[in-house]
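Each chain gets a letter, A, B and so on, in the order its sequence line appears, and its residues count up from 1.
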Amino acid sequence: MIRDARVLDPEFVPSEVVHRDGEVDALSNALDPVTDGEPAETTFLFGPSGTGKTCLARYTVGQLREAVIDIRTQYVNCWQNYSRYRVLYRILEGLDRTIDIHRQSTPTDVLLERVQAYDGPPYVVVLDEVDQLEEPSVLYDLYRTHEVSMLLVANREEDLFAGLDDRLVSRLHGSRRIRFEKYGIDELAAILRARVDRGLTEDAVRDADLRYIADAAAGDARIAISTLRAAAREAGRQGLDRIPESVIRGAVPEARQEIQRKNLDQLKPHQKVLYEIIEEHGTVDPGTLYGTYRERVSDPRSDRTVRTYLNKLATYDLIVAEGENRGRVYRVA
DNA sequence: GTTCCACCGGAAACGGGGGACC
DNA sequence: GGTCCCCCGTTTCCGGTGGAAC
């Protein structure tokens, strides 16, 4: 039944983007100077998870690469590359200029100097999840680098700017902004249909079932595509040539659990212990949480580090921190 | 109204791991 | 082999906040 499993991967960049014409045009216009060998203005892509920001950024940059001979591009995920050093390193990787750079001995400033010394063809850098940067000052460094054009992807504009210093905010104030709204059910169903047509055999899924998935995903294309993939996998396991409604319905919670499992797998052992304690309690106050954690592990980290871990868990959407100060409680998301 | 205290998170310091250099 | 330098995870220190107790 599966013809091309790649298209069922949420990371897959399709050859045509569905229901984002306005956003594609806006981004193409922003990148237009690159076609004349000039740098593009800094552009923000804002919107909730699963609204196609990353997909569209990669798609548009891909189109640009097809149209322009002299261009360099790089994608940097700031969730994984959260320090100034790692961002600059990834950017130099895109220029093939990391050959003599050593993780443990080359100062960050040397990396920056090398990026700033670049004077080749336009270089378009996509900084995804830019609100996860621990050292946003790197944006200032890059802003001052003439040949580098930045596409900055983030969920919420307010959250991103709240974490930046005034100097950077004023510089970025005039930058172009493209906003993404959540997909409607019809739009999501159309996105799924396009993937089914390319990735599965004909009539593998009914339109009504695609609408069911779209509805359950609540506007999040990533969840919708994961659900479709989970359903296709289960139907394949059962040796079916179509995905029945019962499998579709079972795939909805399965896809959400899979996303959560992936997030849990990325945690360090101490972070997992904290998550388990919160899960066991349902809702737990900080004092009890810290105390239980200290009892449960042989080499507990300091309370301050625990707070850093808890913030990490919250950013992963694994837990929720409710209330302030003494009223603070933690619960699983 | 004042004091106490639990909690948060920023900033700086510390130390481990590892590569470069002599 | 010893020393220096760097990144990065962690700890230490501490100021801010606001509810509880007096």
Side-chain angles (χ1 to χ4, degrees), chain A residues 76-117 127 129-142 154-156 158-169 263-275 277-278 281-333:
Chain A
V76 182
N77 186 309
C78 298
W79 178 271
Q80 280 131 21
N81 304 279
Y82 46 82
S83 70
R84 184 167 173 251
Y85 187 91
R86 290 189 191 179
V87 169
L88 292 171
Y89 187 88
R90 285 279 297 156
I91 287 172
L92 284 173
E93 266 186 336
L95 297 171
D96 303 321
R97 294 187 185 189
T98 53
I99 190 91
D100 57 342
I101 285 179
H102 303 281
R103 280 287 292 277
Q104 308 294 340
S105 56
T106 311
T108 310
D109 286 347
V110 171
L111 272 64
L112 177 60
E113 280 168 21
R114 204 172 284 197
V115 172
Q116 289 179 330
L127 294 174
E129 305 200 57
V130 72
D131 43 352
Q132 298 302 320
L133 277 177
E134 287 186 5
E135 293 173 283
S137 61
V138 71
L139 298 181
Y140 188 71
D141 298 330
L142 295 172
N155 284 11
R156 285 165 52 85
E158 309 83 70
D159 293 348
L160 174 63
F161 281 93
L164 305 180
D165 70 22
D166 296 344
R167 182 184 58 171
L168 192 51
V169 170
N263 285 336
L264 278 172
D265 285 346
Q266 293 183 58
L267 299 180
K268 297 175 187 172
H270 284 262
Q271 296 170 336
K272 277 190 182 148
V273 170
L274 286 165
Y275 178 81
I277 295 169
I278 297 169
H281 281 78
T283 300
V284 61
D285 63 276
T288 308
L289 176 58
Y290 295 164
T292 312
Y293 161 75
R294 279 194 295 269
E295 287 167 11
R296 198 165 292 189
V297 298
S298 57
D299 55 339
R301 303 284 185 262
S302 68
D303 287 359
R304 180 68 188 84
T305 301
V306 167
R307 285 198 284 278
T308 303
Y309 287 168
L310 291 169
N311 283 337
K312 199 83 180 169
L313 296 182
T315 320
Y316 271 121
D317 283 334
L318 290 168
I319 66 165
V320 178
E322 288 174 334
E324 299 289 323
N325 302 309
R326 291 195 167 189
R328 170 61 64 90
V329 289
Y330 295 98
R331 63 174 176 80
V332 290

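- Sequence neighbours left out, the pairs with a member in residues 287-306 of chain A that pass salt bridge (Lys or Arg N to Asp or Glu O under 4.0 Å) are A:Glu280-A:Arg296, A:Arg294-A:Asp303, A:Asp299-A:Arg301.
- A:Leu289 places none of its side-chain heavy atoms less than 4.5 Å from the side chain of A:His281.
- Under the rule for a salt bridge (Lys or Arg N to Asp or Glu O under 4.0 Å), the partners of A:Arg114 that lie at least two apart in sequence or sit in another chain are A:Asp100.
- Sorted by first then second residue, the salt bridge (Lys or Arg N to Asp or Glu O under 4.0 Å) pairs that include residues 307-325 of chain A, not counting sequence neighbours, are A:Glu322-A:Arg331.
- For A:Arg90, the salt bridge (Lys or Arg N to Asp or Glu O under 4.0 Å) partners at least two apart in sequence or on another chain are A:Glu93.
- In this structure, the side-chain contact (heavy atoms from CB on, under 4.5 Å) partners of A:Thr106, at least two apart in sequence or on a different chain, are A:Tyr85, A:Ile101, A:His102, A:Val110, A:Leu111.
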Nucleotide by nucleotide, nucleotides 2-8 of chain C touches protein heavy atoms under 4.0 Å in the pattern (B base, S sugar-phosphate only, - none) ----BSS
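- The ring-ring contact (aromatic ring centres under 6.0 Å, His included) search around A:Tyr293 returns A:His270, not counting sequence neighbours.
- The CG atom of A:Leu264 sits 8.5 Å away from atom CG of A:Leu313, with the distance rounded to the nearest 0.5 Å.
- Contacts between residues 297-323 of chain A and DNA chain B, defined by a heavy-atom separation below 4.0 Å, involve A:Arg304, A:Arg307, A:Asn311, listed by number.
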Anything under 3.5 Å between a protein N or O and an N or O of nucleotides 18-21 of chain C, put it in a table, one pair a line.
unit_1, atom_1, unit_2, atom_2, d
C:dG18, O4', A:Asn325, ND2, 2.9
C:dG18, N2, A:Arg326, NE, 3.4
C:dG19, N2, A:Arg326, NH1, 3.3
C:dG19, N2, A:Arg326, NH2, 3.4

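- With sequence neighbours left out, the ring-ring contact (aromatic ring centres under 6.0 Å, His included) criterion links A:Tyr140 to no other residue.
- Side-chain contact between A:Tyr309 and A:Tyr275 is absent, with no heavy atoms from C-beta onward closer than 4.5 Å.
- Side chains of A:Leu267 and A:Leu274 form no contact here, defined as non-hydrogen atoms less than 4.5 Å apart.
- Not a single ring-ring contact (aromatic ring centres under 6.0 Å, His included) links A:Tyr290 to another residue, sequence neighbours left out.
- Read 5' to 3', the first and last nucleotides of DNA chain B with an atom closer than 4.0 Å to a heavy atom of chain A are B:dC5 to B:dA20.
- DNA chain B is contacted by both A:Pro286 and A:Asp100; A:Pro286 maps to the nucleotide lying nearer its 5′ end (nearest heavy atom per residue).
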